[in-house]
Amino acid sequence: MAKRSTLAILPDDIRQNFERKLAENGFSNYTELTEWLREQGFEVSRSSVHRYGQKIERRFAAIKDSTEAARLIADQATDEGDTRSEALMAMLQTELFNAMVDIGEIDDEELPPIKKFGLMSHAAKNIAALTSASARLKEYQAKVKVKVEDTAEKVAKSAKKGGLSNEAAEAIRRQILGITS
């Protein structure tokens, strides 16, 4: 098994400060970060710092994207078309993709190819199930949209028959469809 990276086994306080500095520096200026680690008493190469920085940057971006997606969903999604489930599917797909990339990047000495293949196969099965669920969700959303549009048309026709003006019936139809302008 391959030796763990010096950066992965830093004391928690040093590693946390290092990762904070990575983010503050915009995941750049690795020479300065390497020097800072040396000042802390850890001998590491600039390339090790760069590799670790790229790994943390990918994770940071994934967390940021997921957090932003969740915030947008919470702020704006009424979830009439099961938007939250759709966003959750997208986030899961992104995470599975990132996991597969991470598995692919693991050194063969640390994770033998046969075990790597097993992990990839397991991920592929999960992706297949997720893709199937995503297709069923889209089908459900399409059916809901058709039902809502049909209902809006029927309500608008009934409102006209009941004596409401065309403008009032149209306003009701637009309200049902969630059209705001």
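What you see below is based on every heavy atom in this structure, not just the backbone, and it leaves out hydrogens, waters and symmetry mates.
- In this structure, Arg51 CZ and Lys55 NZ are separated by 11.0 Å, a value rounded to the nearest 0.5 Å.
- In this structure, CG in Asp13 is found 9.0 Å from CD in Gln40, a value given to the nearest 0.5 Å.
- Here the CD1 atom belonging to Ile103 is positioned 4.5 Å from the CG atom belonging to Leu119, to the nearest 0.5 angstrom.
- In this structure, CD on Glu24 lies 9.0 Å from CG on Asn17, to the nearest 0.5 angstrom.
- In this structure, the separation between CD on Glu105 and CG on Leu111 is 12.5 Å, given to the nearest 0.5 Å.
- Scored by the salt bridge (charged side-chain N to carboxylate O under 4.0 Å, His left out) test, Asp108 finds Lys116 as partners (sequence neighbours excluded).
- Relative orientation of the His50 and Tyr30 rings is perpendicular, given thresholds of 30° and 60° on the angle between their planes.
- In plain terms, the two heavy atoms of Trp36 and Ile14 that are nearest each other are CH2-O, 3.9 Å.
- When all heavy atoms of Phe42 and Pro11 are compared, the closest pair comes out as CZ-CD, 3.5 Å.
- Using a 4.0 Å cut-off between charged nitrogen and carboxylate oxygen, Glu19 and Arg15 count as a salt-bridge pair.
- Ionic pairing of Lys147 and Asp150 is not present here: no N-O contact between side-chain nitrogen and carboxylate oxygen is shorter than 4.0 angstrom.
- At a threshold of 4.5 Å between non-hydrogen side-chain atoms, the residues Arg58 and Asp102 count as touching.
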If you look only at distance, which donor and acceptor atoms sit under 3.5 Å apart when one is on a side chain in residues 120-130 and the other is two or more places apart or in another chain?
unit_1 : atom_1 : unit_2 : atom_2 : d
Ser121 : OG     : Phe117 : O      : 3.0
Asn126 : ND2    : His122 : O      : 3.4

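- In this structure Arg38 satisfies the salt bridge (charged side-chain N to carboxylate O under 4.0 Å, His left out) test together with Glu43, sequence neighbours excluded.
- Across Thr31, Asn29, Val44, a single residue satisfies side chain to side chain contact (heavy atoms under 4.5 Å, CB included) together with Val49, and that is Val44.
- Leu10 places a side-chain heavy atom less than 4.5 Å from the side chain of Leu7.
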